[in-house]
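Counting starts at 1 for both ligands and their atoms, following the listed order.
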Amino acid sequence: MTAPVLVVGAGGNVGGAVVRSLTRDGVPVRAAATDPRRLTTPPGVETVRLDLLDPSTFAPAVRGAGALFLVRPPAIARVGPTLNALLDIAAEEGVDHVVFSSVTGADRNRVVPHHRVETHLQASGLPWTILRPGFFAQNLADAYRDDIVADSRILLPAADGTAAFVDVRDVGDVVAVVLADPDAHRGAGYVLTGPRALGFDEVAAILTRELGRPVTYEPTSALRYLRHVRRQGRPFAQAVVQTVLHTGLRRGQAETVDPTLERLLGRPGRTLEQYVHDHRDVWAPR
Ligand SMILES: NC(=O)c1ccc[n+]([C@@H]2O[C@H](COP(=O)([O-])OP(=O)(O)OC[C@H]3O[C@@H](n4cnc5c(N)ncnc54)[C@H](OP(=O)(O)O)[C@@H]3O)[C@@H](O)[C@H]2O)c1
């Protein structure tokens with residue numbers, strides 16, 4: 001039995017996908033969450049409490065792990081005492097390899113918190129691989145869900161910009177490929193996108209076909225969108241980030257399709273159609 005992979009954010013989009021991909025491949029997993037009792041994990045998966053805001057939980061969670069999968073929870077902006085401190089503990093505990101799921105552009109964009117995690121990891125002495133995914137297909141079930149369920153519309157300040165949506169199930173599969181042969185991926189940064197860039201009118205058409213009811217795309221201004229997501233209860237900082245990211249789509253910030261994911265997996269990435277088809281119940285009317 002090899003040492004388990006400690007998966008941070010195991011109840012979230014990316015961490016959950018990583019747990020499922022590794023477990024499917026027979027890799028032992030230690031799934032971490034702030035409250036592990038709330039985790040739903042495949043049979044045989046070990047769980048552990050890890051709160052990035054509580055450093056006393058770091059060493060017990062990391063001890064004995066062979067590798068670490070790390071993702072930045074959206075609510076955590078101060079990465080120094082949280083994610084970077086966890087990386088320091090991982091180095092002390094002799095973890096063999098770290099996979100950090102970052103975001104496209106974080107290597108060049110010093111403003112995003114992921115940048116500071118990337119640079120800290122690269123200087124840590126730990127062997128690492130950094131994944132830089134683009135827009136998640138899973139945003140349809142997170143940020144856009146309430147609008148789709150309640151009003152059968154997608155409201156965004158994206159104008160006619162497009163995004164090469166990546167399905168986080170593919171990100172999980174890439175993590176499994178990396179950790180199957182970590183030395184082959186040591187020191188590599190991989191941009192991960194889906195197979196095609198789609199405008200939101202096309203996204204709405206896919207939802208219309210799959211859900212069997214009309215869903216429309218309503219482009220809006222940045223300010224109206226910011227007010228809208230604030231009214232939905234999103235914290236101010238996250239609402240601003242969400243607005244900036246979607247406004248950036250107008251300038252083509254997420255339109256590039258990158259071949260890396262297909263090369264690593266040996267198959268094309270999952271399409272948005274596939275994602276919506278597999279999760280149709282998520283948008284059922286309440
Ligand atoms: N959405 C996109 O299109 C996109 C694209 C590229 C990159 N990203 C990046 O991906 C990351 C988000 O990933 P995701 O969608 O998987 O997030 P997510 O679904 O919100 O999951 C985040 C996880 O972190 C855990 N968490 C929250 N607070 C924590 C704490 N204090 N200590 C430990 N764990 C904590 C949460 O569960 P518990 O609290 O239950 O433990 C949750 O499972 C962000 O950094 C984002 O910038 C997003």
Side-chain angles (χ1 to χ4, degrees), residues 6-21 30-41 47-58 60-62 68-79 81-86 89 99-107 109 111-118 130-145 156 158 163-172 174-175 189-194 198 200 203 229 234-235 237-238 240-246 248-249 253-254 258 261 272 275 282:
L6 176 65
V7 176
V8 173
N13 288 315
V14 190
V18 170
V19 170
R20 288 184 287 276
S21 295
R30 184 183 293 168
T34 53
D35 182 358
R37 288 168 307 184
R38 285 189 292 141
L39 273 181
T40 313
T41 50
T47 60
V48 70
R49 176 167 179 261
L50 173 73
D51 185 345
L52 287 161
L53 303 177
D54 178 0
S56 73
T57 64
F58 294 1
V62 171
L68 167 65
F69 169 80
L70 184 61
V71 64
R72 181 190 72 90
I76 295 189
R78 287 183 69 228
V79 297
T82 55
L83 282 82
N84 289 351
L86 179 69
I89 298 286
V99 179
F100 174 51
S101 186
S102 182
V103 64
T104 307
D107 45 337
N109 183 353
V111 174
V112 294
H114 314 70
H115 180 82
R116 295 192 294 284
V117 182
E118 290 197 10
I130 295 174
L131 310 181
R132 299 193 183 100
F135 266 65
F136 295 164
Q138 278 70 12
N139 290 342
L140 271 70
D142 282 347
Y144 317 154
R145 178 166 183 256
L156 287 174
F165 288 99
V166 62
D167 191 321
V168 299
R169 293 177 294 180
D170 285 336
V171 179
V174 167
V175 174
Y190 296 134
V191 172
L192 303 177
T193 74
L198 299 166
F200 285 92
V203 175
V229 285
R234 208 142 300 238
Q238 278 182 43
V240 170
V241 169
Q242 210 167 300
T243 304
V244 169
L245 285 173
H246 287 93
L249 293 180
Q253 275 180 2
D258 191 289
L261 185 143
L272 197 76
Y275 167 72
V282 167

Quick look: N139 vs ligand 1, heavy-atom contacts under 4.0 Å, and the answer is side chain
Quick check on contacts: which atoms of ligand 1 are under 4.0 angstrom from a heavy atom of T34? 29 (C), 30 (C), 31 (N), 32 (N), 33 (C), 34 (N), 35 (C), 38 (P), 39 (O), 40 (O), 41 (O)
Going by distance only, is there an N or O of I76 that falls short of 3.5 Å from an N or O of ligand 1? no
Considering all protein heavy atoms, does one lie under 4.0 Å from atom 40 (O) of ligand 1? yes
With a cutoff of 4.0 Å, is S102 in contact with ligand 1, counting heavy atoms of the residue only? yes
Under 4.0 Å from a heavy atom of L50: give me the atoms of ligand 1 that qualify, with their elements. 32 (N), 33 (C)
Can you check whether V191 reaches L261 side chain to side chain, under 4.5 Å on heavy atoms? no
Are P133 and ligand 1 in contact, using a heavy-atom cut-off of under 4.0 Å? yes
What part of H114, side chain, backbone, both or neither, has a heavy atom within less than 4.0 angstrom of ligand 1? side chain
Per-atom contacts of ligand 1 with G11, taking only distances under 4.0 Å to non-hydrogen atoms: 43 (O)
What is the closest protein heavy atom to atom 12 (C) of ligand 1, and at what distance does it sit? R72 O, 3.8 Å
Ligand 1 contact by D142, heavy-atom criterion under 4.0 angstrom: no
Got a second to check how far N139's CG is from Y275's OH, nearest 0.5 Å? 8.5 Å
In the protein, which heavy atom is nearest to atom 16 (O) of ligand 1, and how far is it? V14 N, 2.8 Å
Specify the protein heavy atom at minimum distance from atom 8 (N) of ligand 1: its residue, its atom name, and the distance to 0.1 Å. F136 CZ, 3.5 Å
Non-hydrogen atoms of G134 versus ligand 1: any pair closer than 4.0 Å? yes
For ligand 1, which atoms, with element, lie under 4.0 Å from some heavy atom of G9? 23 (C), 24 (O), 43 (O)
Mind checking whether F135 has an N or O less than 3.5 Å away from an N or O of ligand 1? no
Heavy atom of protein inside 4.0 Å of atom 36 (C) of ligand 1, strictly below: no
Atom 17 (O) of ligand 1 - nearest protein heavy atom and its distance: P74 CD, 3.8 Å
Nearest protein heavy-atom contact for atom 15 (O) of ligand 1: which residue, which atom, what distance? N13 ND2, 2.9 Å
Quick one: look up the protein heavy atom nearest atom 31 (N) of ligand 1 and list residue, atom name and how far away it is. D51 OD1, 2.9 Å
Atom 32 (N) of ligand 1: which protein heavy atom is closest, and how many Å away? L52 N, 2.8 Å
Measure the spacing between CZ of F100 and CG of L131 and express it to the nearest 0.5 Å. 9.5 Å
Any chance you could measure R78, atom CZ, to L83, atom CG, to the nearest 0.5 Å? 12.5 Å
Contact between V171 and S101 at the side-chain level, heavy atoms closer than 4.5 Å - yes or no? yes
Any chance you could measure L52, atom CG, to T57, atom OG1, to the nearest 0.5 Å? 7.0 Å
Is the closest N or O pair between V103 and ligand 1 shorter than 3.5 Å? no
Within a strict 4.5 Å, meaning less than it, do heavy atoms of the Q138 and Y144 side chains meet? no
Show which atoms of ligand 1 fall inside a sub-4.0 Å distance from at least one heavy-atom site of R38. 40 (O)
Hey, are the side chains of F136 and V166 touching, using non-hydrogen atoms and a 4.5 Å cut-off? yes
I76 versus P113: any side-chain heavy-atom pair under 4.5 Å? no
Filtering P73, A61, G12 for the heavy atom nearest atom 28 (N) of ligand 1 leaves P73
Does some side-chain heavy atom of T193 sit less than 4.5 Å from a side-chain heavy atom of F135? no
For ligand 1, the portion of V168 having any non-hydrogen atom under 4.0 Å away: neither
Quick one, R132 and D107 - any side-chain contact, counting heavy atoms below 4.5 Å? yes
Please determine whether any non-hydrogen atom of D35 lies less than 4.0 Å from an atom of ligand 1. no
Please round to the nearest 0.5 Å and tell me the distance separating atom CG of L192 and atom CG of D167. 12.0 Å
Quick check: do T41 and T47 have side-chain heavy atoms less than 4.5 Å from each other? yes
Evaluate the side chain to side chain contact (heavy atoms under 4.5 Å, CB included) criterion for residues F69 and L6: first the C-alpha distance (whole Å), next the side-chain angles of each, then the deciding distance (0.1 Å), finally the verdict. CA-CA 6 Å; F69 169 80; L6 176 65; over 6 Å; no
V71 and ligand 1 - part of the residue with a heavy-atom distance under 4.0 Å: side chain
More than 12 heavy atoms of other residues, nucleotides or ligands under 6.0 Å from CZ of R49: yes or no? yes
Under a 4.0 angstrom heavy-atom cut-off, which atoms of ligand 1 come close to A33? 41 (O)
To check you understand the geometry: which heavy-atom pair defines the closest contact between A106 and E118, and what is its length? CB-OE2, 3.4 Å
